[in-house]
Asks: 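I'd like to ask some things about the structure below.
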Number of protein chains: 2
Amino acid sequence: MAKKVKDILEMSKHPVVNGSLWLESGDKRFFGPGPVELLERIAETGSIRQAAKEMQMSYKKAWELINNLNAHTTSPVVIPQTGGEKGGGSIVTPEALELIQYHRELRKRFKAFLEKETKNLSY
Amino acid sequence: MAKKVKDILEMSKHPVVNGSLWLESGDKRFFGPGPVELLERIAETGSIRQAAKEMQMSYKKAWELINNLNAHTTSPVVIPQTGGEKGGGSIVTPEALELIQYHRELRKRFKAFLEKETKNLSY
DNA sequence: AATCGTTATTTCTTTAAAAATATAACGATA
DNA sequence: TATCGTTATATTTTTAAAGAAATAACGATT
């Protein structure tokens, strides 16, 4: 009888099945953990720059993520305003909030999958 | 009523849920797509160097992957022989083949998960 | 002992990604 | 119209990862 995985792996090191999820189209990722957190923080702060700063992300990268995300939605999920009383800012649309919620649920299902597979290592 | 994801995403670009899976312990990955393919090729060729070459992977990286993998198993899954009639070579143990098989099945389950989630985007 | 191609390892170089920097445009407000 | 902090964008610099190259050790075979 062939050995089982748990007899091959060094179980004392507590190996786990882990992974990453994202939305892509044409091999290009446009919605993963990064953009999600960014959206959340833009919603809070009203500013791409400030949100990026909180995440220790460069403004440039943040802007690219948002721009890329907007390119994959029927209407922009982040609406920037340049100039204005405080120099400008950005608001996230209700659709963005919907995407965030979707991703939370997706992540929950993925987490369940990973935990199931991790448990499965032991049998 | 809140919009659904399919109404927010630009569905004409055919977005899909995709992801990556691996085994890790202590935040360090030791078994993902790379090592799996490498093991398969070492099994075929009997040589780390040749296997790496086939994958356009540097020998150094291949060796690191294998070394790292061996460090997470109860006994080495790749046994190198330095020197010998053809200069040496490496053989993969039955346990390695078992790991490969495990990963194939894991990947199958993950694929099903991803496809289900991708379909789910449309509803 | 000479040969072979591999393993094992270090060092150097290249490349790519990320980050930092700089600057123009913007428009509500005072 | 002067100010503000932001968006938008290009350019430069830094950093990290990957790759290339070089070298010693190895041992069965001849």
Side-chain angles (χ1 to χ4, degrees), chain A residues 20 22 24 27-73 75-93 96, chain B residues 20 22 24 27-73 75-93 96:
Chain A
S20 179
W22 59 84
E24 71 179 36
D27 274 4
K28 185 152 179 46
R29 303 180 191 186
F30 65 90
F31 196 57
V36 173
E37 186 179 346
L38 188 60
L39 280 184
E40 290 172 333
R41 291 183 189 271
I42 295 175
E44 289 170 14
T45 62
S47 158
I48 294 178
R49 180 169 297 276
Q50 207 167 324
K53 191 178 180 182
E54 288 181 4
M55 292 175 66
Q56 278 100 9
M57 179 186 285
S58 70
Y59 172 83
K60 187 190 174 192
K61 183 172 181 183
W63 186 86
E64 284 170 348
L65 289 179
I66 293 301
N67 214 36
N68 190 30
L69 181 54
N70 275 339
H72 286 85
T73 50
S75 60
V77 291
V78 173
I79 298 177
Q81 164 130 17
T82 158
E85 56 176 338
K86 285 179 176 171
S90 294
I91 60 171
V92 301
T93 66
Chain B
S20 178
W22 60 83
E24 70 178 37
D27 275 1
K28 184 151 181 47
R29 302 181 192 186
F30 66 91
F31 197 57
V36 173
E37 187 180 346
L38 188 61
L39 280 184
E40 289 171 334
R41 291 183 188 270
I42 295 174
E44 288 170 14
T45 62
S47 159
I48 296 178
R49 182 169 297 276
Q50 209 167 323
K53 192 177 181 183
E54 287 181 4
M55 294 175 64
Q56 277 100 5
M57 178 186 287
S58 69
Y59 172 84
K60 186 190 173 192
K61 183 172 182 183
W63 186 86
E64 285 169 347
L65 289 179
I66 294 301
N67 214 36
N68 190 29
L69 182 53
N70 275 340
H72 286 85
T73 50
S75 61
V77 291
V78 173
I79 297 177
Q81 164 130 17
T82 159
E85 57 176 337
K86 284 179 176 171
S90 294
I91 60 170
V92 301
T93 65

Asks: Drop me the distance from B/Leu69's CG to B/Leu39's CG, to the nearest 0.5 angstrom.
Replies: 5.5 Å
Asks: Pairs in or reaching into residues 48-65 of chain B: which pass side chain to side chain donor-acceptor pair (under 3.5 Å), with residues at least two apart or in two chains?
Replies: B/Arg41-B/Glu54
Asks: Just call it for A/Gly84: base, sugar-phosphate, or nothing, with non-hydrogen atoms closer than 4.0 Å on any strand.
Replies: base
Asks: Say you draw a straight line from CD1 of B/Ile79 to CD1 of B/Ile42; how long is it, rounded to the nearest 0.5 Å?
Replies: 12.0 Å
Asks: Checking B/Thr93 now: which residues fulfil side-chain hydrogen bond (donor to acceptor under 3.5 Å, both in side chains) with it, not counting sequence neighbours?
Replies: B/Glu95
Asks: According to the side chain to side chain donor-acceptor pair (under 3.5 Å) rule, which pairs have a member within residues 79-90 of chain B, sequence neighbours left out?
Replies: none
Asks: Quick one, give me the B/S/- string for nucleotides 12-22 of chain C, reading 5' to 3', where B means a protein heavy atom under 4.0 Å from the base and S means that only happens at the primed atoms, P, OP1 or OP2.
Replies: -------BB--
Asks: I want to confirm an ordering. Mapping A/Gly46 and A/Glu85 to their closest nucleotides on DNA chain D, which one lands closer to the 5' end?
Replies: A/Glu85
Asks: Can you name the side-chain contact (heavy atoms from CB on, under 4.5 Å) partners of A/Ala52, sequence neighbours left out?
Replies: A/Met57, A/Ala62
Asks: Relative to the 5' end of DNA chain C, which residue comes earlier, A/Gly83 or B/Gly87, by the nucleotide with the nearest heavy atom?
Replies: B/Gly87
Asks: If you round to the nearest 0.5 Å, how far is CZ of B/Phe30 from NE2 of B/His72?
Replies: 5.5 Å
Asks: Please report the interatomic distance CD1(A/Ile48) to CG(A/Leu38), rounded to the nearest 0.5 Å.
Replies: 7.5 Å
Asks: Contact boundaries of DNA chain D with chain B (under 4.0 Å, heavy atoms), 5' to 3'?
Replies: D/dG19 to D/dT29
